[in-house]
Participant: 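Before I ask anything, here is the structure I am working with.
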Amino acid sequence: MSQVTVTLPDGSSRQLAAGSPVREVAAAISPRLAEAALAAVVDDRLVDLSTPLAADARVRLVTDKSPEALGLTRHSTAHLMAAAVTALFPGAQCGIGPAIDEGFFYDFVVSRPFVPEDLEAIEAKMRELATADLPYQRQSWPREEALAYFAQRGEPLKVQLIQEKTAGQSHVSCYAIKDRDTFVDFCVGPHVPSSGKLKAFKLLSTSNAYWKGDASSTPMQRIYGTAFLSEKDLKAHLKQVEEAKARDHRRVGRETGLFTFHPWAPGAAFWLGKGTTLYNTLANYMREVLFPAGYVEVKTPLIFNKALWERSGHWKHYRQNMFLVESEGETMSLKPMNCPGHFLTFASEMRSYRDLPIRFHEQTPLHRNEASGVLSGLTRVRQFSQDDAHCFVRPDQIGEEVERLIRLVQRVYGDFGLPFSAKLSTRPDEFLGDVATWDHAETELKTALEHAGMAYTVNEKDGAFYGPKIDFDVTDAIGRKWQCATIQLDYQQPENFDLKYIGADNTEHRPVVIHRAIFGSFERFIALLIEHYAGAFPLWLAPLQVRVLPIADRHAGYGRTVVARLAAAGLRAELDERQEKIGYKIREAQLQKIPYMLVIGDREADDGTVAVRTRAGGDQGAQAVDAFVVAALEEVQTRRAGSPTVGATLAAAQSR
RNA sequence: GCUGGCGUAGCUCAGUCCGGUAGAGCAGCUGAUUUGUAAUCAGCCGGUCGGGGGUUCGAAUCCCUCCGCCAGCUCCA
């Protein structure tokens, strides 16, 4: 019999009989590895352990330590769930069941929606099947036979999938889980060798889905679950989900008095006093950053005649998301974006090449008529404002301007202590303009990213039809990613609006527009910050920075003096002079996540001091009022994250 | 928008299955207490049971409809 040579990652090699399954490689190395192996990577392809080795190959065995293991396990768990569902719900049809970022799902056509008790029963059945350690057998079925089998089994969706995915193939890949009734699913795999490898899983929720995500297609019931390689990882994940729930900005925002909603204005927040302070702090921060960077803040109309939207193309492509207004027989629309207003502003006077780049920044409200079902807290709203700007540049200025923008993004996220990453999206299949211009633009973006020292990934063909773009993802304190900043080149709108500047050659030229935002929208960014900080904002952002807590009524007068001094220094402070015990006032201030509590009683009133308590560190002892003010102002100015003790702040200030 | 769930006092929730005129805690108000680092005690106020319509002698409860909120609506065998 002929032999094949497999090369292992450590460079060593083994000889096996040709056609041996990959699992033999593991067995040849150690029984322990044979037991631990879940799959293998053969010449860079992830395959089952049952895959025969036909020729010499590089082989790496996948165990629960390998990066591929999690997705593999989740996909196999989805199959296990499908096996359980078909066993418990005769007649259930299976759709697709992929592994996803947080776990897996599987869609079914069933006679009634699943209820929570169903999930318990399905999960119990899954445990039973896992305990039985049933093999996942990969089988190659003649295509016609597979089609006939699924048709006979009442799985028209699988038939459709086979028809669509395997046109021209003679055989198709299926997986069988052998139980009393064998569950066979059409799937490329690969899978774990047997259900006994699936130990840590949990079904989480049900929801509606449609076949292929098309609302006009067959309605299905989706079950979401998650799976991990160990019980410990699963528990950690579930705990993280709990943590995310506790940080939910909708809950924290209400509890700390930032904003509220009313059914009469769905998708539009009411910013309460504290929320408005936070909003304004961010808006002014952005102004402080942008003014020295050469931006001009403008305010353009909120309502425009339909003619503008016809010119910009929104009327054709975006009308269903626009709020329309009738006036004297004219159709107007609330603006969903600032760009057209900025184009008109640019065109309102003659521009010289010497004036470019011209940068318009605007924070006025935008309205987008989002479908009611997608509204959600502050993250998906109908009314919001962006830290929006459009940079009008000469083609030769693109690289430098983009580099400045990347540095601006780095600076801003740095001030919030938010880690982030960049994605470059390149020319899509459907695009406007010529290839040479696109290639040039993409090169400029790459160079700018490199000059700014910004690592990035490339999303091929994911650019907008009018130009390439760079998107930035922010990672919050519990590891979730939020897409916020964007930098988009636009060659198209300057054409639509016939924008021009006079060049050094005294002829008209077309500028390029760069659309850009760093926060994205204030609403969404505030949601991010609330969840990132769990409502405990760093001092510079905290709507209420200091609460003064008198022990007894007789200390209220001194309290007013202290608050006045804090306010005069520019700190946001208030007095809690209710007739409550100090423990009660502290508890409330803690729950409101106020950074500093200044307790004052007889001792403090006599000495002109305050007993400083921090939200995070508890009682810090007494300090002179002026010392506290100096330290707190320094903390605000340096925009320090967290809430270190004032003592530490002073020590740091002195050591400089 | 579509599917499912939910909507009872400012908040969190019980009562809905099985129709008989709404209840708790917190918050608020009043009073007492004058308090030293995460909840002092007592009393009181507070609800068109999301809106509208219907069934019924009688509806928070059953039916219809509208509104809002929550989750989901390809991350593609």
Side-chain angles (χ1 to χ4, degrees), chain A residues 71 74-75 78-79 82 94-107 112-116 146 150 155 157-166 169 172-175 185-191 204-224 245 248 250-251 254-255 257 260-267 320-321 369-377 549-556 577-592 597-604 611-615 617-622:
Chain A
R74 288 172 170 172
H75 187 197
H79 272 245
C94 300
I96 59 168
I100 54 175
D101 285 349
E102 305 247 297
F104 61 87
F105 67 77
Y106 212 119
D107 292 342
R112 62 165 175 83
F114 294 114
V115 296
F150 284 107
E155 296 266 19
L157 301 178
K158 288 290 173 189
V159 170
Q160 191 188 333
L161 276 182
I162 295 171
Q163 281 167 343
E164 288 172 8
K165 302 279 180 182
T166 67
Q169 291 175 217
V172 303
S173 151
C174 291
Y175 280 78
D185 201 356
F186 163 65
C187 180
V188 278
H191 281 286
L204 298 173
S205 61
T206 60
S207 74
N208 162 261
Y210 297 94
W211 177 238
K212 303 198 162 188
D214 176 2
S216 62
S217 181
T218 313
M220 306 185 75
Q221 295 298 317
R222 173 170 298 182
I223 303 179
Y224 281 93
K245 223 166 131 187
D248 190 316
R250 292 167 294 196
R251 171 201 180 110
R254 180 168 39 69
E255 287 172 355
T260 187
F261 284 92
H262 191 280
W264 287 350
Q320 69 284 1
N321 280 313
N369 198 356
E370 304 283 356
S372 58
V374 304
L375 300 178
S376 177
L549 311 178
I551 301 268
D553 285 354
R554 64 179 178 280
H555 309 123
E577 51 182 322
R578 293 174 302 172
Q579 292 183 20
E580 298 289 349
K581 294 169 77 164
I582 195 68
Y584 182 87
K585 294 181 184 181
I586 286 169
R587 177 182 155 81
E588 290 228 321
Q590 287 284 154
L591 291 175
Q592 288 295 305
M597 288 152 267
L598 302 183
V599 176
I600 53 172
D602 290 335
R603 294 197 294 271
E604 289 75 16
V612 178
R613 181 188 166 95
T614 67
R615 168 178 72 191
D619 189 357
Q620 305 295 313

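Convention: sequence-line order gives letters A, B, ...; per-chain numbering from 1.
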Participant: Can you tell me the distance, in whole Å, between the NZ atom of A:Lys245 and the P atom of B:C70?
Facilitator: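 Between P of B:C70 and NZ of A:Lys245: 14 Å.
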Participant: Take A:Leu598 and A:Leu549 through the test side-chain contact (heavy atoms from CB on, under 4.5 Å) and record every step on the way to the result.
Facilitator: CA-CA 6 Å; A:Leu598 302 183; A:Leu549 311 178; over 6 Å; no
Participant: Does A:Arg615 make a side-chain N or O approach to OP1 or OP2 of B:A38 shorter than 4.0 Å?
Facilitator: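 Looking at the OP1 and OP2 atoms of B:A38, neither is under 4.0 Å from any side-chain N or O of A:Arg615.
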Participant: Between protein and nucleic acid, restricted to nucleotides 44-53 of chain B and to nitrogen or oxygen atoms under 3.5 Å apart, what atom pairs and distances do you find?
Facilitator:
none

Participant: Apply side-chain hydrogen bond (donor to acceptor under 3.5 Å, both in side chains) to A:Asp185 and list each qualifying residue two or more places apart in sequence or on a separate chain.
Facilitator: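 Applying side-chain hydrogen bond (donor to acceptor under 3.5 Å, both in side chains) to A:Asp185 gives A:Tyr106, A:Lys158.
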Participant: Within 45 degrees of the axis of the six-membered ring of A:Phe105 and under 6.0 Å from its centre: does A:Arg222 put its NZ or CZ there?
Facilitator: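 Verdict for A:Phe105: a cation-pi partner in A:Arg222.
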Participant: Can you tell me how far P in B:C45 sits from the matching atom in B:G53, rounded to whole Å?
Facilitator: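 Result for the P pair: 31 Å, nearest Å.
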Participant: Over all strands shown, is A:Thr166 touching base, sugar-phosphate only, or nothing at heavy-atom distances under 4.0 angstrom?
Facilitator: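 Counting heavy atoms under 4.0 Å across all strands, the contact made by A:Thr166 includes a base.
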Participant: Between B:U48 and B:U34, how far apart are the P atoms? Round to whole Å, please.
Facilitator: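 Per the computed distance, 39 Å lies between those P atoms.
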Participant: Specify the closest pair of heavy atoms between A:His75 and A:Cys187, including all atoms of both residues, with the distance to one decimal.
Facilitator: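 So the minimum-distance heavy-atom pair works out to CE1-SG, 3.2 Å.
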Participant: Check nucleotides 3-9 of chain B for protein N or O atoms closer than 3.5 Å to its own N or O atoms and list the pairs.
Facilitator:
residue, atom, partner, partner atom, Å
B:U3, O4', A:Tyr210, OH, 3.4
B:U3, O2', A:Asn208, ND2, 3.4

Participant: Roughly how many Å apart are B:A27 and B:G46, using the C1' atom of each and rounding to a whole number?
Facilitator: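 Each nucleotide's C1' atom is 11 Å from the other's.
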Participant: In whole angstrom, what separates A:Arg222's CZ from B:C2's C1'?
Facilitator: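 Taking CZ of A:Arg222 and C1' of B:C2, I get 14 Å after rounding.
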Participant: Select one nucleotide: of B:C76, B:U35, B:U34, the one nearest the side-chain heavy atoms of A:Asp553.
Facilitator: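 Among the listed nucleotides, the one closest to the side chain of A:Asp553 is B:U34.
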Participant: Let me spell it out: for each of A:Arg250 and A:Lys158, pick the nucleotide of RNA chain B with the closest heavy atom. Which residue's pick is nearer the 5' end?
Facilitator: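 The residue whose closest nucleotide sits nearer the 5' end is A:Arg250.
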Participant: With both distances kept under 3.5 Å, what pairs with B:C17, Watson-Crick or G-U wobble?
Facilitator: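 Pairing partner: none.
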Participant: How is A:Gln160 classified with respect to the nucleic acid when contacts are heavy atoms under 4.0 Å: base, sugar-phosphate, or nothing?
Facilitator: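 Nothing, no nucleic acid heavy atom in range.
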Participant: Between the main-chain N or O of A:Ala589 and the side-chain N or O of A:Arg615, is there a donor-acceptor pair closer than 3.5 Å?
Facilitator: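 Checked: no pair found.
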Participant: Whole angstroms only, please: what is the CZ-P distance between A:Arg613 and B:G36?
Facilitator: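 About 14 Å, once rounded to whole Å.
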Participant: Does A:Thr166 reach the main-chain N or O of A:Gln169 with its side chain, forming a donor-acceptor pair under 3.5 Å?
Facilitator: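 Flag not set: sc A:Thr166 to bb A:Gln169 has no pair under 3.5 Å.
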Participant: Taking only residues two or more places apart in sequence or in another chain, which ones pass salt bridge (charged side-chain N to carboxylate O under 4.0 Å, His left out) with A:Asp619?
Facilitator: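 For A:Asp619 there are no salt bridge (charged side-chain N to carboxylate O under 4.0 Å, His left out) partners, ignoring immediate neighbours.
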Participant: Does A:Lys585 use its side chain to pair, donor to acceptor, with the backbone of A:Pro550 at less than 3.5 Å?
Facilitator: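 Here the side-chain-to-backbone pair exists.
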Participant: NA contact type, A:Ile551, heavy-atom cut-off 4.0 Å: base, sugar-phosphate, or nothing?
Facilitator: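 Answer is base: heavy atoms of A:Ile551 come under 4.0 Å of a base.
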Participant: Side chain of A:Leu591, heavy atoms from C-beta onward: which of B:G36, B:G68, B:A38 has the nearest atom to it?
Facilitator: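 The answer is B:A38.
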Participant: Taking the P atom of each, how far is B:G23 from B:U16, in whole Å?
Facilitator: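 Result for the P pair: 15 Å, nearest Å.
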Participant: Given B:G36, B:A38, B:C69, identify the nucleotide with an atom nearest to the side chain of A:Pro266.
Facilitator: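 In terms of side-chain proximity for A:Pro266, the closest of B:G36, B:A38, B:C69 is B:C69.
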Participant: Nearest whole Å is fine: how far is B:C69 P from A:Phe261 CZ?
Facilitator: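 So the CZ-P distance, A:Phe261 to B:C69, works out to 8 Å.
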Participant: Between A:Arg587 (CZ) and B:A39 (C1'), how many Å, whole number?
Facilitator: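 After rounding, the gap between these two atoms is 5 Å.
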Participant: Can you tell me the pairing partner of B:C73 across any strand shown, Watson-Crick or G-U wobble, with both distances under 3.5 angstrom?
Facilitator: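 With both distances under 3.5 Å, B:C73 matches B:G1.
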Participant: Between A:Ala611 and A:Gly377, just flag the one whose closest nucleotide in RNA chain B comes earlier from the 5' side.
Facilitator: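 On the 5' side of the pair lies A:Ala611.
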Participant: Salt bridge check, A:Glu588 against A:Arg578: does any charged N sit closer than 4.0 Å to a carboxylate O?
Facilitator: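 So A:Arg578 pairs with A:Glu588 through a salt bridge.
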Participant: Select base, sugar-phosphate, or nothing to describe what A:Leu375 touches, counting heavy atoms under 4.0 Å on all strands.
Facilitator: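 If one applies the 4.0 Å heavy-atom cut-off, A:Leu375 turns out to touch the sugar-phosphate alone, with no base involved.
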Participant: Mind calculating the distance between CD1 (A:Ile586) and C1' (B:U37) to the nearest angstrom?
Facilitator: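 Taking CD1 of A:Ile586 and C1' of B:U37, I get 3 Å after rounding.
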Participant: Please name the pair of heavy atoms, one in A:Val188 and one in A:Tyr175, separated by the smallest distance, quoted to 0.1 Å.
Facilitator: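 Looking at all heavy atoms of both residues, the closest pair is O-OH, 3.7 Å.
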Participant: Base, sugar-phosphate or nothing for A:Gly601? Non-hydrogen atoms, less than 4.0 Å.
Facilitator: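 Base: the residue A:Gly601, judged by heavy atoms under 4.0 Å, touches a nucleobase.
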Participant: Output a table of nitrogen or oxygen pairs between the protein and nucleotides 25-31 of chain B separated by less than 3.5 Å.
Facilitator:
residue, atom, partner, partner atom, Å
B:A27, OP1, A:Tyr584, OH, 3.3

Participant: Is there a side-chain polar atom (N or O) of A:Arg254 under 4.0 Å from OP1 or OP2 of B:C11?
Facilitator: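 Looking at the OP1 and OP2 atoms of B:C11, neither is under 4.0 Å from any side-chain N or O of A:Arg254.
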Participant: Applying a 3.5 Å limit to both distances, which nucleotide forms a Watson-Crick or G-U wobble pair with B:C6?
Facilitator: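 The base-pairing partner of B:C6, which may sit in any strand shown, is B:G68.
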Participant: Quick one: label A:Val172 by what it contacts on the DNA or RNA (base, sugar-phosphate, nothing), any heavy atom closer than 4.0 Å.
Facilitator: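 The answer is nothing, as A:Val172 stays clear of every strand by at least 4.0 Å.
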Participant: Applying the Watson-Crick and G-U wobble criteria at under 3.5 Å, what pairs with B:A24? Answer none if nothing qualifies.
Facilitator: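 B:U12 - that is the nucleotide pairing with B:A24, both distances being under 3.5 Å.
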Participant: Quick one: does any side-chain atom of A:Glu164 pair with a main-chain N or O of A:Ile162 as donor and acceptor, under 3.5 Å?
Facilitator: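 The answer is no, because no donor-acceptor pair under 3.5 Å joins these two groups.
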Participant: Among residues at least two apart in sequence or on other chains, which ones pass salt bridge (charged side-chain N to carboxylate O under 4.0 Å, His left out) with A:Glu255?
Facilitator: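 Listed in chain order: A:Arg251.
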Participant: Expressed in whole Å, how much space separates the C1' atoms belonging to B:G54 and B:C13?
Facilitator: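 The same atom, C1', in both gives a distance of 30 Å.
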Participant: Rounding to the closest angstrom, what is the interatomic distance between B:G47 and B:U37 at atom P?
Facilitator: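 Pairwise P distance, B:G47 against B:U37, rounds to 40 Å.
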Participant: Can you measure A:Glu102 atom CD to B:A71 atom P for me and round it to whole angstrom units?
Facilitator: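 These atoms are roughly 14 Å apart.
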Participant: Considering only the P atoms, how many Å lie between B:U3 and B:U74, rounded to the nearest integer?
Facilitator: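 Their P atoms lie roughly 16 Å apart.
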Participant: Is the distance from OP1 or OP2 of B:G72 to the nearest side-chain N or O of A:Ser205 less than 4.0 Å?
Facilitator: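 Negative; the distance criterion is not met.
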Participant: For A:Thr260 and A:Arg254, run side-chain contact (heavy atoms from CB on, under 4.5 Å): C-alpha distance rounded to whole Å, both residues' side-chain angles, the deciding distance at 0.1 Å, then the answer.
Facilitator: CA-CA 6 Å; A:Thr260 187; A:Arg254 180 168 39 69; 5.8 Å; no
Participant: Just checking A:Asp602: base, sugar-phosphate only, or nothing, at a heavy-atom cut-off of under 4.0 Å?
Facilitator: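 Counting heavy atoms under 4.0 Å across all strands, the contact made by A:Asp602 includes a base.
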Participant: I need the OH-P distance between A:Tyr224 and B:A71, as an integer number of Å.
Facilitator: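 Rounded to whole Å, this separation is 12 Å.
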Participant: Taking the P atom of each, how far is B:U61 from B:C6, in whole Å?
Facilitator: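 It works out to 14 Å between them.
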Participant: Pairing check on B:A59: which nucleotide meets the Watson-Crick or G-U wobble criteria with it, both distances under 3.5 Å?
Facilitator: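 Partner of B:A59: none found under 3.5 Å.
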Participant: What distance do A:Arg554 atom CZ and A:Asp602 atom CG have between them, rounded to the nearest 0.5 Å?
Facilitator: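 Atom-to-atom, A:Arg554:CZ and A:Asp602:CG are 4.0 Å apart.
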Participant: Now, which nucleotide makes the Watson-Crick or G-U wobble pair with B:C41, with each of the two distances under 3.5 Å?
Facilitator: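 Paired with B:C41, as far as the under-3.5 Å criterion goes, is B:G31.
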Participant: Apply side-chain contact (heavy atoms from CB on, under 4.5 Å) to residues A:Met597 and A:Ile586 and explain how you reach the verdict.
Facilitator: CA-CA 7 Å; A:Met597 288 152 267; A:Ile586 286 169; 4.2 Å; yes
